[in-house]
Every structure is written in C-alpha cells, then in structure tokens.
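Right, one structure below, let's go through it.
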Amino acid sequence: MKNNIKLKKYLPLTEATYYIMLALIEPLHGYGVMQKVEQISQETVKVGPGTLYGAFSSLEKEGLIEMVSEEQRRKCYQLTDKGRQVLVGQIDRLEIMSANGLPVREQLVIMLDNGKKR
Amino acid sequence: MENKTIRKFKWFWAWQDEAEEAWLREMSNEGCHLSRIGFPTIYEFEPGEPNDFVYRLDYQWKMEKEDYLQLFGDSGWENVGEMSGWHYFRQAAQTGEELEIYTDTESKIGKYQRLLTFLGILMLPLFFTIMNLNNLAPYGWMSIIQLFVALLLVLYVYAIIRILLRIRQLKRI
C-alpha cells in the first residue's frame with residue numbers, strides 16, 4: 001500500500017511518456033521506440049528525438065526503465081518492475097477515463113446529429 | 001569552380017532560437033548550407049545547390065553525447081555543429097510534414113528550463129562580484145566596473161524574463 005502511494009507521484013504520465021513506456025515492454029533502442037510509438041498509436045503520436053532523449057533520461061533516473069543491452073552502439077532499454085507498476089497504474093486511470101467518456105460520447109453524437117437535422 | 005566558405009557574423013540572443021532556425025533555413029534556400037559554428041556566433045556556410053533545410057536548435061549541457069547524436073541521426077537529423085550548449089540539427093523539408101525535435105509542450109518547456117538553470121548558475125559569480133566589488137576593484141576603476149557589471153546584470157534579468165515569457169506562452173497553447 002505504501003508502495004502505491006510512492007508510485008502515484010508519477011501519474012498521470014504525459015501521452016508521449018505513456019506510449020514510450022508501453023513500447024518498452026520489450027527491449028528497444030531509441031529509434032525503435034519512435035517507430036513503434038508511431039505505429040501502435042495509429043500515427044496519432046509522434047515522438048521527436050529531443051522529446052525521447054529527455055524522457056529516456058528522466059525515466060532512467062527515476063528507475064522506471066533500465067538499459068539491458070547494446071545493439072550496434074545503440075543502447076536498448078526495458079521497463080523495470082517499478083516502471084511496470086507505474087504503467088499498470090496509468091492504464092487503470094485510462095480505463096476509468098474511457099469508461100466515463102464512452103456513454104457521454106454516445107449522447108454527444110446524438111446531440112450533434114439532432115443539431116444537423118434542425 | 002572553387003567552393004569558398006562564406007563566413008557571417010550574426011548575433012541571436014538565447015531567447016531568439018526560433019528566429020535563428022528560420023534564418024538558417026532561408027540561407028539554405030539561397031544555397032548557403034551551415035557547415036560550422038564558431039565562437040561567438042560566427043556562422044560558416046558551404047555554398048551549394050539551393051535546398052530547403054529545416055534547422056532545429058537543441059539546448060543540452062549534461063548528456064551522453066554519443067547516445068544523443070545517435071538518436072538524432074537515426075531519426076534523420078544531421079548534426080551540423082555545437083556552440084556553448086546549443087546543438088544545431090538539420091533535415092531536408094518534407095511536404096505535408098512538420099519536422100520537430102520536440103513533439104510535445106512539456107519537453108519543449110524542458111529545453112527552456114535547462115537554459116534557465118544554466119543562466120541561474122552563471123548568475124552566481126556575477127552576484128558574488130557585485131557583493132565584493134569594493135574589495136575587488138582597484139580605486140578609480142570602480143565606476144567602470146560597476147557600470148559593466150550593472151549592464152550585465154540587466155541583460156541577465158532581461159534574458160531570464162524573456163525565457164520565462166516563452167515558457168508561459170508555450171503553456172498557454
């Protein structure tokens with residue numbers, strides 16, 4: 001329980017950090033992360049090298065990711081257990097957000113349709 | 001035909017990084033491609049075919065350079081040079097795509113915060129000088145040194161205000 005409170009300080013993650021951490025479920029180097037994020041987010045999120053470098057530095061400093069190997073001079077990172085816990089916390093938050101949003105979305109679509117008919 | 005390096009001296013303040021990026025792009029449109037940056041802000045251009053290069057400036061003073069440049073290189077950014085913490089990158093413009101090294105507001109603000117931290121650190125010796133001015137300056141030189149230090153201090157405060165305003169502007173978007 002105490003542990004959970006400590007991890008809460010990282011939440012909510014920014015959209016970029018969330019996707020970077022999602023990508024790091026497997027070991028990847030920086031450019032690999034950029035490509036994967038663009039692909040899994042259906043091109044809604046693009047991570048530039050400046051943004052990624054900063055995210056890598058702070059995530060590593062906080063012990064949420066760690067270097068696991070090196071591939072052709074490129075360092076590969078992966079989530080640590082602490083990082084996995086934080087990511088679970090973020091996904092839970094997103095689930096609540098989306099559960100709240102979906103019924104409202106239906107209402108909104110109906111309202112917008114009625115508006116068009118008038 | 002011999003390619004001659006073109007040297008230009010142009011001053012940009014720390015808060016004018018976007019104006020500098022735009023100027024370098026204009027130069028590339030005219031066929032002048034940045035090849036080196038010397039201290040203090042002497043730009044060397046290699047003449048060539050006009051091209052549309054997007055330039056981006058990053059500010060970093062505490063990083064593992066090899067990893068850093070590798071990451072930018074992998075994502076298509078050519079490193080053109082470095083000058084007191086500012087790293088110059090370029091990439092050929094692509095139609096319908098905006099090229100950015102910072103893709104969200106938080107990380108873009110991070111760049112200006114690093115700049116502020118650096119200015120803050122630089123301010124310490126200046127502050128120390130002011131506090132000890134009476135002991136440090138030989139008699140007669142006082143007014144000149146005082147004036148110089150005062151000017152420097154005003155410039156510092158102005159720079160910090162400009163960067164803070166930039167951060168506020170970014171937060172509003």
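Letters A, B, ... mirror the listed sequences (proteins, then strands); counts begin at 1.
Using a 4.5 Å cut-off between heavy atoms, B:Glu100 touches chain A through its backbone atoms (N, CA, C, O) alone.
In terms of hydrophobic clustering, with Ile, Leu, Val, Met, Phe, Trp and Tyr side chains grouped at heavy-atom distances under 4.5 Å, B:Val154 and B:Leu164 are assigned to different clusters. A:Ile25 and A:Val37 are assigned to two separate hydrophobic clusters, defined by single-linkage of ILVMFWY side chains at heavy-atom distances under 4.5 Å. When the side chains of ILVMFWY residues are joined at heavy-atom separations under 4.5 Å, either directly or via intervening members, B:Ile163 and B:Val157 end up in a single hydrophobic cluster. B:Leu119 and B:Leu124 sit in two unconnected hydrophobic clusters of ILVMFWY residues. Membership requires side-chain heavy atoms under 4.5 Å apart, directly or through other members. A single hydrophobic cluster is seen to contain both B:Ile121 and B:Trp86, as judged by linkage of ILVMFWY side chains at heavy-atom distances under 4.5 Å, directly or through other members.
Expressed to the nearest 0.5 Å, how far OG1 of A:Thr17 lies from CG of B:Asp104 amounts to 7.0 Å. Here the straight-line distance linking atom CG of B:Leu71 with atom CE of A:Met34 works out to 6.0 Å at 0.5 Å rounding. Here the OH atom belonging to B:Tyr102 is positioned 10.5 Å from the OH atom belonging to A:Tyr53, to the nearest 0.5 angstrom. B:Glu106 contributes atom CD, which lies 11.0 Å from atom CG of A:Leu13 (distance to the nearest 0.5 angstrom).
Annotation: residues 58-69 of chain B contacts chain A through B:Gln60, B:Met63, B:Glu64, B:Glu66, B:Asp67, B:Tyr68 [non-hydrogen atoms, separation under 4.5 Å]. The interface of residues 57-76 of chain A with chain B, defined by heavy-atom distances below 4.5 Å, comprises A:Arg73, A:Arg74, A:Lys75.
Not one N or O on the side chain of B:Ser75 forms a donor-acceptor pair closer than 3.5 Å with the backbone of A:Pro49.
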Open item on the list: Apply side-chain contact (heavy atoms from CB on, under 4.5 Å) to residues A:Lys46 and B:Glu97 and explain how you reach the verdict.
Closed with: CA-CA 11 Å; A:Lys46 246 192 110 170; B:Glu97 199 178 349; 2.4 Å; yes
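Applying the ring pair (Phe, Tyr, Trp, His ring centres under 6.0 Å) test to pairs two or more places apart or on separate chains, those with a residue in residues 60-81 of chain A are A:Phe56-A:Tyr77.
More than 12 heavy atoms of other residues, nucleotides or ligands sit less than 6.0 Å from atom CZ of B:Phe12.
Residues forming a side-chain contact (heavy atoms from CB on, under 4.5 Å) with B:Pro50 (at least two apart in sequence, or on another chain): none.
When all heavy atoms of A:Gly48 and B:Thr103 are compared, the closest pair comes out as N-OG1, 2.9 Å.
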